[in-house]
Amino acid sequence: MANSCGRSLTSTVLSLVFLLCLSDVCIGQIRYSIPEEQERGTFVGNIVLDTGLNVRILAAREFRLVSDEPKQYFKVNLESGVLFVNERIDREELCGQTDACFLSFKVIVKNPLEIFRVEVEINDINDNSPSFPKSEISLRIGESIAPGARFPLESAHDPDVGTNAIKSYRISSNQYFGLKMQVGSDGSKSADLLLERALDRELKSAFKLVLSAIDGGVPERSGTAHITINVVDANDNAPLFDMQVYRASLVENSPTGAFVIRIHATDLDQGANAEIRYFFSNRASKRVRELFSVNSETGEINVKGSLDFEESNAYELNVEATDNGIPSMRGYSKVLVELIDVNDNAPEVKPTLVSSVLSENTAIGTVVALVSVTDSDSGKNGNVQCQIPSDIPFKLQPVLKNHYEIITTSGLDREIKSMYNISVIARDEGSPPLTTNKTILVTLSDVNDNSPRFTQSLYTVYVTENNTPGTSIFRVRAVDVDAEQNAHVTYSVTENRVEDMTASAYISLSSNNGDIYALQSFDYEQLKSFQFEVRAQDSGDPPLSSGARVKVIVLDQNDNPPLIVSPPTWNGSASVDLVPQSVYPGYLVTKVIATDADSGQNARLSYLTTTDSGLFSVGLHSGEVRTTRRILDEDVTTQRLTILVKDNGQPTLSTLVTISFSIGVNVTEKPLERTNLKRKPAPFSELNLYLIITLGSTSLIFLVTIIILFAIKCHQDGNDIYGYGSTICCWRHRNLRSSREVSNRHSAQSEFHNYPGERVPIPGTYNYNVCLSPESAKSDFLFLSTCNPTIPMSSVKANQSNFSQEVEQERFQPIMGIDCIGSDISLVAF
């Protein structure tokens with residue numbers, strides 16, 4: 001018969017499913033309320049009136065009740081339409097401690113099909129009395145326990161709920177103990193035995209009390225338990241838990257043996273009085289003991305039974321710690337275990353219409369993909385929130401329920417990022433939430449939006465002169481951050497004028513790699529630097545370009561030897577005018593001036609002598625030729641000095657010059673023969689003007705020196721000889737002072753004569769006459785000619801007399817057509 005009922009029920013359910021698919025199904029809901037424990041036949045309600053059906057055709061429409069309960073608690077009188085109780089209903093058996101208790105069933109009629117859901121609320125009545133788990137409760141309390149101590153008592157149990165549940169506890173009258181009510185987190189009430197007065201075992205060692213539990217029903221019901229209290233001595237420290245309330249959480253499907261929490265207590269006593277064991281206290285319910293276990297040695301609480309979140313989402317475990325003292329002491333604590341609902345279905349993300357490749361110039365707001373999100377869970381576990389990372393230029397925008405579209409939120413730049421992994425994260429609201437991560441790959445295609453960029457705006461290239469034509473001297477490089485053809489760069493030179501020539505005459509640029517080649521050998525002395533512009537252009541459409549300047553600096557090489565400027569040279573030789581024998585050490589004979597077309601260290605010149613005459617020295621950097629000592633009689637009258645002029649380049653270049661010096665002989669040794677020194681003028685060269693001025697000044701000083709020397713010789717060889725042979729001494733002087741004034745003036749000025757480096761005293765003042773020969777007057781330079789010492793003294797005296805007369809007349813007359821100029825010269829007589 002059971003199988004027949006099962007097949008009937010299955011058929012009914014299938015019929016219902018089929019009928020629900022029809023468009024003309026009518027569904028309604030009705031609710032009734034009755035107390036529990038009603039007798040069979042008790043009226044519940046008129047279901048025909050409440051549903052609006054016709055009682056006369058109930059049978060024709062196959063009126064029936066369909067329920068999932070194993071018992072048929074209700075029936076309907078088809079003649080009257082009255083719903084009545086068919087079976088005894090015990091609310092505690094059906095719903096336990098649940099406050100709200102409902103019995104539901106469906107009313108189904110056909111032709112047409114109509115379904116009505118009926119719920120009957122079963123109200124509690126006070127039909128159960130409170131009862132204690134044990135009728136006898138035994139306690140051992142040490143006499144040292146101070147008043148105020150509490151001792152949890154076993155809670156009474158009342159199957160009724162609401163106002164019919166346990167309302168209060170009472171204890172029989174005594175002088176030492178009272179009760180303290182406790183209300184649990186689930187609303188249940190319990191009582192603690194409160195010590196109100198200190199115990200004395202010698203006065204009274206035991207107490208017998210009656211504990212009563214009273215419910216709130218009308219009339220009230222109660223239950224009792226007998227408490228036996230034994231007062232013991234000594235062990236006066238009870239174990240103390242680390243926490244008054246422990247909290248733990250478990251998922252509802254935790255396996256048997258799963259760890260819940262570890263409780264721990266300490267006892268200040270020693271020895272056996274401090275050895276602690278852990279138990280569930282008397283207050284722990286039977287259901288708690290079925291679901292959990294506690295290890296008496298370690299205090300570890302584990303799962304013992306099958307936990308169900310729908311049955312209860314939290315449990316309160318009352319535990320105690322007992323020491324091994326005599327009598328044993330107890331400490332009490334509470335463990336609250338919270339069950340966590342299992343969210344075992346993760347959301348599902350399905351992307352559709354995905355654009356996997358986007359151009360980097362895609363407009364803002366372009367749809368990239370459509371995404372649908374579903375979760376097969378229900379309630380909060382089925383509510384799904386969807387998001388994508390905020391650091392990408394895309395956003396998730398809802399379209400329909402659980403449907404989203406991904407759109408661009410800002411401009412895209414392939415050069416910054418060429419690929420995006422868009423992570424669509426779907427998270428439900430379960431606890432803990434489950435998450436699904438779906439990645440959508442989007443690749444950006446390139447647009448030619450970046451011009452080539454040189455690594456520098458100005459390149460400075462250093463090239464040593466005399467380079468080999470055709471060699472690479474530098475490479476410019478431009479970078480284009482675009483891709484493929486848009487990043488292919490070619491190079492070209494913008495034609496710049498360099499020394500009246502185009503840059504392409506000096507360099508060549510490779511269009512592929514930017515190598516710069518020198519087309520000719522550079523000469524620093526002709527071209528020290530030049531600039532040109534290089535342009536880089538990509539191969540995009542349209543092409544983009546940029547430019548940079550290249551400055552080429554030619555570095556000097558030591559390829560030019562020094563050039564002697566002064567004194568003038570001919571085939572590496574030079575002549576210097578007469579050097580008097582009476583010169584002092586350090587006397588400046590001449591100065592060698594040289595130039596070098598190179599620059600820097602290559603043009604830094606040094607002057608060295610390669611001959612060791614012992615008479616002359618050369619300044620290393622000045623080129624000055626000076627005497628190192630006085631000229632001796634045995635020295636050769638003609639000296640040659642070879643000077644090496646070298647630069648400071650690598651390798652060193654040099655030039656040799658040989659300078660000839662003539663030394664004038666002292667007049668005290670032998671008469672100076674008459675000589676006509678003719679200087680061949682140096683050929684005019686294109687030297688700078690300052691060199692000409694320098695040479696002219698040097699020649700003038702040298703000429704004056706020669707005149708002085710010849711005047712000295714004339715004085716030493718004869719007294720005031722005015723002329724000889726064909727030499728005609730002519731004097732022309734205007735406004736000539738008296739000979740005495742002239743003599744005094746020269747005497748005052750000639751006491752000392754300054755030479756470079758020393759001051760030489762002049763012993764006396766002498767007047768000499770300088771004569772010019774007709775031959776020398778006609779030459780390019782005026783040469784001095786001394787008077788002939790062989791002229792007789794009578795001629796000299798006659799000439800002196802004539803000279804005195806001419807002085808008095810203050811005028812000279814030209815003789816033989818030659819206009820001669822004479823002057824008094826003060827000279828030193830050694």
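Every value quoted in this text rests on a predicted model; they were computed, and no experiment measured them. Computation of the quantities below employed the complete heavy-atom set of this structure, encompassing side-chain atoms and omitting hydrogens, waters and symmetry-equivalent molecules.
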**Prompt:** Are the side chain of Thr409 and the backbone N or O of Pro393 linked by a donor-acceptor pair below 3.5 Å?
**Reply:** yes

Taking every heavy atom of Val107 against every heavy atom of Phe63, the minimum-distance pair comes out as CG1-CE1, 3.1 Å

- Task: Please confirm whether the backbone N or O of Pro112 pairs with a side-chain atom of Arg61, one donor and one acceptor, at under 3.5 Å?
- Result: yes

Value for OG (Ser328) from CD1 (Ile276), rounded to nearest 0.5 Å, stands at 11.5 Å

- Message: side chain to side chain contact (heavy atoms under 4.5 Å, CB included) for Ser312 and Leu339? Distances and angles first, verdict last.
- Response: CA-CA 8 Å; Ser312 178; Leu339 294 187; 5.7 Å; no

Answer yes or no: does atom CZ of Arg427 have more than 12 heavy-atom neighbours from other residues, nucleotides or ligands under 6.0 Å?
no

Check: Thr256 and Lys304 side chains under 4.5 Å, non-hydrogen atoms: no

Closest heavy-atom pair, Gly81 versus Val55, reported as atoms and distance to 0.1 Å, is N-CG2, 3.9 Å

Leu65 and Lys75 have their tightest heavy-atom pair at CD1-CA, 4.1 Å

Side chains of His157 and Pro133 in contact at under 4.5 Å (non-hydrogen atoms):
no

| said: Measuring only between side-chain heavy atoms, which start at C-beta, is Asn282 closer than 4.5 Å to Leu153? | reply: no

From the list Val210, Leu194, Leu179, side chain to side chain contact (heavy atoms under 4.5 Å, CB included) with Ile171 holds only for Leu179

(Q) Tell me if a side-chain donor or acceptor on Ser333 pairs with a main-chain N or O of Gln244 at a distance below 3.5 Å. (A) yes

- Message: Between Arg283 and Glu154 (salt bridge meaning N to carboxylate O under 4.0 Å), is one present in this structure?
- Response: no

The reported gap from CZ in Phe177 to OG in Ser172 (rounded to nearest 0.5 angstrom) is 10.5 Å

In short, Leu195 meets Ile145 closest at the heavy-atom pair CD2-O, 3.5 Å

**Prompt:** Can Arg277 and Ser296 be counted as having a side-chain donor-acceptor contact under 3.5 angstrom?
**Reply:** no

Q. Do any N or O atoms from the side chain of Asn126 and from the backbone of Gly216 form a donor-acceptor pair under 3.5 angstrom?
A. no

Report task. Take the angle between the ring planes of Phe241 and Tyr278 and call it parallel below 30°, perpendicular above 60°, tilted in between. Result -> tilted

Practice task
Step through the shown structure and confirm whether more than 12 heavy atoms of other residues, nucleotides or ligands are within 6.0 Å of CZ on Arg40.
Solution key: no

request  = Answer whether the closest heavy-atom distance between the side chains of Tyr176 and Ile229 falls below 4.5 Å.
outcome  = no

Could you tell me whether the side chain of Asp160 and the main chain of Asp127 form a donor-acceptor pair under 3.5 Å? yes

**Prompt:** Judged by atom type as modelled, is there a donor-acceptor pair below 3.5 Å linking the side chain of Asp323 to the main-chain atoms of Ala321?
**Reply:** no

Asp428 side chain vs Leu434 backbone, donor-acceptor pair below 3.5 Å: yes

Evaluate side chain to side chain contact (heavy atoms under 4.5 Å, CB included) for Phe105 paired with Tyr73, printing each intermediate quantity in order.
CA-CA 10 Å; Phe105 56 90; Tyr73 290 100; over 6 Å; no

ask   = So, do Ser372 and His403 sit near enough that their side-chain heavy atoms are less than 4.5 Å apart?
value = yes

Which of Leu336, Val335, Val337, Ile261 passes side chain to side chain contact (heavy atoms under 4.5 Å, CB included) with Arg247? Answer is Leu336

**Message:** When you compare the side chain of Ile34 with that of Thr42, does any pair of heavy atoms fall below 4.5 Å?
**Reply:** no

d(Leu250 CG, Glu338 CD) to nearest 0.5 Å is 10.0 Å

So OG1 of Thr51 and CG of Leu58: to nearest 0.5 Å the spacing works out to 7.5 Å

Closest non-hydrogen contact found for Lys438 with Val349 is CB-CG1, 3.7 Å

Tell me whether Tyr332 contacts the main-chain N or O of Arg150 through its side chain, where contact means a donor paired with an acceptor under 3.5 Å. no

Open item on the list: Looking at Glu39, I'd like to know if its CD atom is crowded, meaning that more than 12 non-hydrogen atoms belonging to other residues, nucleotides or ligands lie closer than 6.0 Å.
Closed with: no

Review point. Is it true that Lys334 and Glu316 have a side-chain N and a carboxylate O under 4.0 angstrom from each other?
Key: yes

Derivation of the side chain to side chain contact (heavy atoms under 4.5 Å, CB included) call for Arg31 and Phe102: CA-CA 10 Å; Arg31 177 173 292 182; Phe102 293 89; 4.2 Å; yes

Query - Worked check of side chain to side chain donor-acceptor pair (under 3.5 Å) between Tyr32 and Asp50 - result: CA-CA 11 Å; Tyr32 299 101; Asp50 294 335; 2.4 Å; yes

Exercise for review: Check the pair Asp158 / Arg221 against side chain to side chain contact (heavy atoms under 4.5 Å, CB included), numbers first and verdict last.
Suggested key: CA-CA 10 Å; Asp158 192 339; Arg221 292 174 176 267; 5.9 Å; no

Heavy-atom closest pair (Phe132 atom, Ser155 atom, distance to 0.1 Å) is CD2-C, 4.2 Å

CD1 of Ile166 to CE of Met181, rounded to nearest 0.5 Å, is 8.5 Å

Any non-hydrogen side-chain atom of Thr266 less than 4.5 Å from a side-chain atom of His264? yes

To the nearest 0.5 Å, atom CG of Asn313 lies from atom CG of Leu307 at 12.0 Å

Say whether, by atom type as modelled, one donor and one acceptor occur between the side chain of Thr408 and the main chain of Thr366 under 3.5 angstrom.
yes

Flag the pair Asp375 / Val373 as yes when at least one side-chain heavy-atom distance between them is below 4.5 Å, and no otherwise. no

By side-chain contact (heavy atoms from CB on, under 4.5 Å), Ser188 pairs with (sequence neighbours left out) Asp186

ask   = Ignoring hydrogens and geometry, is there a side-chain-to-backbone donor-acceptor pair from Ser222 to Ser212 under 3.5 Å?
value = no

